Structures are given as C-alpha cells and as structure tokens.
2 protein chains.
Amino acid sequence: MRTDDPEPPPGPDPAQPRPHTGRRRNDDVRRAILAAAMRLLRGGGEAARPVTVDAIAREAGVGKQTIYRWWPSKGAVLLEALTSHADDVVPETDVGNVRTDLTAFVTASFAGAAAPDTAPVLAKLAREAAHDAHLAAMMGEFTEARRNALLALLRRGRDRGELAADADLDLMVDQVFGVLWYRLLVGHTELTPGAATRLAETLVRGNAGSAGNAGEA
Amino acid sequence: MRTDDPEPPPGPDPAQPRPHTGRRRNDDVRRAILAAAMRLLRGGGEAARPVTVDAIAREAGVGKQTIYRWWPSKGAVLLEALTSHADDVVPETDVGNVRTDLTAFVTASFAGAAAPDTAPVLAKLAREAAHDAHLAAMMGEFTEARRNALLALLRRGRDRGELAADADLDLMVDQVFGVLWYRLLVGHTELTPGAATRLAETLVRGNAGSAGNAGEA
DNA sequence: TGTTGTCGAGACTGCGAGTCTCGTCAACCT
DNA sequence: AGGTTGACGAGACTCGCAGTCTCGACAACA
C-alpha cells in the first residue's frame, strides 16, 4: 500500500514543517470577521438578522471560504467573537468571608451576563449550541472555568466552617448558574443586582455551618 | 374590486358553517403520529435519530401532509406528544408546612423530569424551542402552570410567616426550575431525589421568616 | 520570475421545514 | 347507484442555511 520509499533525510527536515512561503494571513480580515459576528450577534430586537455565515461574510466584506479557512464551524467563529470580546473579568475576590465573596461573584456574573450588549450574544450563542454539539462542547469548556472558580470560593467557605460541612456545593453552583441561564434564556425576569445580592445571601444562610453568623435578615 | 353581489341569504345559513360532508378524520392516524413522535423523541443514546418531520411520518406510516393538515409546525406535534403523554401529576400537596410542601413539589418535579423516558424528551424539546419561537411560546405556557403552582405554595408559606415577609419568591421559583433545566440540559449532574430534598431544605432555611423553625441542621 | 498560499466571489451539495399536487378511498347526500 | 366532499399516502417541489469547491487576482517569499 506504499508507493514511495521510506524517505531518508532528503534535504529539508520533514519534522520541521517548512519555513513558510506564500502570502501571509491578513489579520485585519480576522478581526473584521470577529467584529462582524459580534455586530450580528448583538443585532437588533430579538433575533433581528439570522446570523448566518453568509451574513457574517457579507457584513465583514469577506468571502465565505475565508471564514472556513480559519474556523471549523460557524459556532467556533461566534464563540471566539464572544471570548475575544469578553473583558472576562470576574474579579475573584477573596476577602475571607463567603458571604462577601459570593455576593461579589454573583453580582459580577449577573452584571456581566445582563449587560445590554452581551446578554443577546450569550442567549443567541446558547440557542446555537442547542443544535451544534461542537459549539456546546466549547461553551462547556468556557463556562467550566467560572464554575470551578465559584466552587473554589465555596470550598474555602466550607473549610472555614462558614458553610455546613455537608453542604452540597455543586448544587449551590447550579443554583447560581441555573438562575443565570434560566433568566437569560426565558427572559421573563431581569438579572438585577438586587436579585444577585439576594441570591448570594439566602444561599449562604441556607447552607450556613457552625461558624456562620448567618441570621441577620 | 368586487365581482359578485352582497350575497343576501341564499339557501344555507352562512353562519352555520356546514353540516360536514366527506371522509372524517381518522383518530388512529392522529394517535399513530403522536406515538411515533414520542418514540423518536425518546430515541436512543443522545440525539440518535434527528426527529425530522419526514422521520415522524415514516415512523407513523403516514404522509407528511397529514401531519401538516392537523398541526401548524413540527414543534406543535412534539409538544402535543409530550403533553398528551405526560401524566402531569405534581400532586400539589398542601400540608400547611412550606418545608414539607416544597420538598414534595421539588422531589416530584425532579423525579418527573429525570424519568428515563421523559428526560430526553424534555431536553430535545427545549433544544427545538431554542430555534422555534412558536414552540418556545407553547412551552412557556406549559411551564407557566407549574411555576404558578410553586409560587402559590411559597406564598402560603410566606403568609403563614414561615418564609420572610420580604422573601423573593420569584427568585426561589427560578432557583428550582433553573437547577432543573440546567442539569437537564447541561447534563453534568443527575437530578437526584437527594438533590431535590437538599434544595428544598436550604431554600426554606435561607428564606426563613419569624415563624420558621428552620435551624435544625 | 515562479511558487505558494491568501483573498473575494460565487456556484454547488446536502439536509430539513413546510407546500403543492395527485390518485385513492371513506362518509355522507340525493 | 351515482356524486360530492374531504382525509389519506406518496412523493415532488421550494426555500433557507451550513459547509465545500473552484476560480481569478494578488501578496510574500525564493
């Protein structure tokens, strides 16, 4: 099944891919594509323009093939547009007090997700992910970091005795992100700072441990 | 722009639609379609068969037009398949004690959603709804009843003083359904009865009011 | 100057939702 | 019986969109 010889060192090292010839990738184009994707994702009142690949290409003034040359799927473009745009700041405060830390975390997360030009993006992205396994996996990876940060925060609280030793930290994490995504997607209620504070406080109170001074309505 | 006269009472009363002639709707066909839809929705390991309209028609041994004669869209068929199949029992216990009532409600909801032949159905339906506004609206209506039942349950508890007067009941409702859908869709964790109990208890404890005997870890 | 690889453009495949048409058949009427 | 109406199975069709392929122009190297 082999037609050519074992290729003994013939000139250029085959391990070294090659010095690179030909026209180079134009980074302006890359940025234009991501910017166009963001513009469409933000797009007017609830699913205004459909966010198709053709639309992205047209909006960026770019050939469709240029998109598929650098990204494996539409979802990949959208996700990179989001992540490269996200300021990505969830400051990870560590004051040594679950209640304060958790309030900061939840408030920042809600604020970040509800910001007027990220909320529709996240929502559309989630909807895309619903029928794009590839994108879903990438988003899972993306959110995993947040989940872990929150989990670590809670673990510290539990180790300090502020949360009950048998508190279900995974459940608490899911309560936070569950509410976040539920409200973001169903959209019947706003993700307000008030709700964030309230959620953090009742969460701490409901899972308080021995060292918890948690009864201060 | 009118070609015929104002049509004065000509024979059969036009208000009375007509006595009905012609072949009647075959109800076996209707049931066969819904059953086929359920079979596909339940379908093997995670998105095995795509649940297309053609697939439903083939599975039911039916012409595609027969489906569209009676339902406005694929989503409508799927939703009716679900609702007509759902035993729809969330017993709405009212013992006069939030903790007990809430635990029963959450446990039943989790168990219902996690049942091996409803979980994939709900998940697929939610994913369909992500890009089918019509279906999304219908599902919203469907879940509204559950939300209201839970809200009423919590309101009773608050009126009794078991929950704080300023407790954010909407937030509590969203925590329950948020966790439910989040786990159902992301699928990283099971919707166990244990989690249900835990959730109900911490929720009550976190939002306890004056009359609450809520500190019994 | 030739080779390599990017770029815009646009035709093309494949799939799935929803529509249209056809030949058949059942339920009612006269 | 014969006729009208509408349900039914079958399958061809349109349309929108993801992803592929090809083409001519052009930029970066040797």
Side-chain angles (χ1 to χ4, degrees), chain A residues 11-12 17-33 36-37 40-41 43 47-79 124-125 127-136, chain B residues 11-12 16-34 36-37 40-41 43 47-79 124-125 127-136:
Chain A
R18 192 133 44 88
H20 182 64
T21 49
R23 186 177 180 172
R24 309 279 185 67
R25 177 176 189 179
N26 181 353
D27 206 64
D28 291 348
V29 166
R30 182 182 157 275
R31 279 193 300 272
I33 291 171
L40 291 179
L41 281 170
R49 278 173 298 176
V51 196
T52 65
V53 175
D54 288 271
I56 298 174
R58 212 173 322 115
E59 175 82 14
V62 141
K64 195 154 59 136
Q65 182 58 35
T66 301
I67 295 180
Y68 282 106
R69 203 192 317 276
W70 302 109
W71 288 275
S73 69
K74 184 180 73 159
V77 182
L78 299 186
L79 188 67
K124 282 194 192 140
L125 220 40
R127 286 183 224 279
E128 290 284 344
H131 55 90
D132 177 348
H134 188 187
L135 176 58
Chain B
Q16 211 73 13
R18 193 133 43 86
H20 181 65
T21 48
R23 185 177 182 173
R24 310 282 185 66
R25 176 176 189 179
N26 182 353
D27 206 64
D28 291 348
V29 166
R30 182 183 156 273
R31 281 192 299 271
I33 291 170
L34 295 176
L40 290 179
L41 281 170
R49 278 172 298 176
V51 196
T52 65
V53 176
D54 289 270
I56 298 174
R58 213 174 321 116
E59 175 82 15
V62 144
K64 196 156 53 140
Q65 183 58 37
T66 301
I67 295 180
Y68 282 106
R69 203 191 320 276
W70 302 110
W71 288 276
S73 68
K74 185 180 75 164
V77 182
L78 299 185
L79 187 68
K124 280 193 194 141
L125 220 40
R127 287 182 223 280
E128 290 283 344
H131 55 93
D132 178 347
H134 189 186
L135 176 58

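Side chains included, hydrogens not; waters and symmetry mates left out as well; all remaining heavy atoms used. As the structure is a computational prediction, the values presented were derived from the model and not from experiment.
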Members of residues 55-70 of chain B that approach DNA chain C, where some heavy atom sits under 4.0 Å away: B:Lys64, B:Gln65, B:Tyr68
Closest contact, heavy atoms only, A:Lys74 versus A:Val51: NZ-O, 3.3 Å
List for me each residue that meets side chain to side chain contact (heavy atoms under 4.5 Å, CB included) alongside B:Ala133, sequence neighbours excluded, and say none if there are none. none
Rounded interatomic separation in angstrom, taking CZ from B:Arg23 and P from C:dA26: 6 Å
In whole Å, I'd like the distance from the CG atom of B:Leu40 to the P atom of C:dG16. 12 Å
Validation: residues 58-71 of chain A side-chain donor-acceptor distances under 3.5 Å, sequence neighbours left out:
residue	atom	partner	partner atom	Å
A:Glu59	OE2	A:Arg39	NH1	2.5
A:Trp71	NE1	A:Glu80	OE1	2.7

Whole-Å distance, B:Lys124 NZ to C:dG16 C1', equals 16 Å
Main chain of B:Leu41, side chain of B:Lys124: is a donor-acceptor contact present, judged purely on distance under 3.5 Å? yes
Separation of D:dC17 atom P from B:His131 atom NE2, nearest Å, is 13 Å
Closest non-hydrogen atoms of B:Ile56 and B:Ile33, given as atom of the first, atom of the second and distance, are CG2-O, 4.0 Å
Per the under-4.0 Å heavy-atom filter, residues of residues 26-33 of chain A near DNA chain D come out as none
NE2 of A:His134 versus C1' of D:dG19: gap in Å, rounded? 14 Å
When you get a sec, tell me which of C:dG16, D:dC17, D:dA27 is the closest nucleotide to the side chain of B:Pro50? C:dG16
Heavy-atom check, side chain of A:Val77 versus side chain of A:Val53, under 4.5 Å: no
Counterpart residues, ring pair (Phe, Tyr, Trp, His ring centres under 6.0 Å), relative to A:His134 (two or more places apart): none
What's the CG-C1' distance between A:Asp132 and C:dC15, to the nearest Å? 15 Å
Which atom of A:Ala136 lies closest to which atom of A:Ala129, heavy atoms considered: CB-O, 3.7 Å
Between B:Asp54 (CG) and D:dC13 (C1'), how many Å, whole number? 12 Å
Report the residues that fulfil side chain to side chain contact (heavy atoms under 4.5 Å, CB included) with A:Arg31, sequence neighbours left out, ordered by chain and then residue number. A:Asp27, A:Asp28
Given atom CG of B:Leu135 and atom C1' of C:dA17, what is their separation to the nearest angstrom? 14 Å
